[in-house]
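For reference, the structure discussed in these notes is given below.
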Amino acid sequence: MPQQNQKREQSGTGFIVDKNGYIVTNNHVVDGVDRIRVKLHGDETEYRAKLIGTDRETDVAVIKIDVKRPLVPVTIPNSGS
């Protein structure tokens, strides 16, 4: 019996860390997928993302979307403040 192509969909969350479209998410969300699509809060556009890098040990991945406007990155406070 021939194998059928199985479509697998996953969803997850992430954080914009750079105004140019870099996003940090979990590795398990993007591991083994053929394409990555991103929807931003308050924006109905669906963006295609490129996988930049992953670290399985810490379950972290970096992806990038191309948008025509600067994005607002998450604010990460300094622990010494």
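All residue numbers refer to positions in the sequence shown, counting from 1. The figures that follow rest on heavy atoms only: side chains count, while hydrogens, waters and symmetry mates do not.
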Rounded to the nearest 0.5 Å, what separation is found between the OH atom of Y22 and the CD1 atom of I65? 12.0 Å

Linked, directly or transitively: L51 and V67 (ILVMFWY side chains, under 4.5 Å): yes

A61 and T54: which non-hydrogen atoms are nearest, and at how many Å? CB-CG2, 3.9 Å

Can you name the nearest heavy-atom pair linking I16 to D18, along with the distance? CG2-O, 3.4 Å

Measuring from E57:CD to N27:CG, what's the distance to the nearest 0.5 Å? 11.5 Å

With the threshold set at 4.0 Å, does a side-chain nitrogen-carboxylate oxygen contact exist between D66 and K50? no

Would you sort out whether I63 and I52 count as a side chain to side chain contact (heavy atoms under 4.5 Å, CB included), showing the intermediate values? CA-CA 5 Å; I63 61 176; I52 302 300; 5.6 Å; no

Would you check if the side chain of D55 reaches a backbone N or O of V60 as a donor-acceptor pair within less than 3.5 Å? no

Considering only heavy atoms from C-beta outward, does the side chain of I23 approach that of V62 to under 4.5 Å? no

Indicate yes or no: does E46 engage R37 in a salt bridge with an N to O separation below 4.0 Å. yes

Between D43 and T45 (side chain of the first, backbone of the second, donor and acceptor by atom type, cut-off under 3.5 Å), is there such a pair? yes

Going by heavy atoms in the side chains, are T13 and T25 under 4.5 Å from each other? no

Any chance you could measure L71, atom CG, to N20, atom CG, to the nearest 0.5 Å? 8.0 Å

Do other residues, nucleotides or ligands put more than 12 heavy atoms under 6.0 Å from the OH atom of Y47? yes

Hydrophobic clusters here meaning ILVMFWY residues chained together by side-chain heavy-atom distances under 4.5 Å, can you tell me if V38 and V74 are in one? no

Going hydrophobic residue to hydrophobic residue with side-chain gaps under 4.5 angstrom, can you get from V30 over to L40? yes

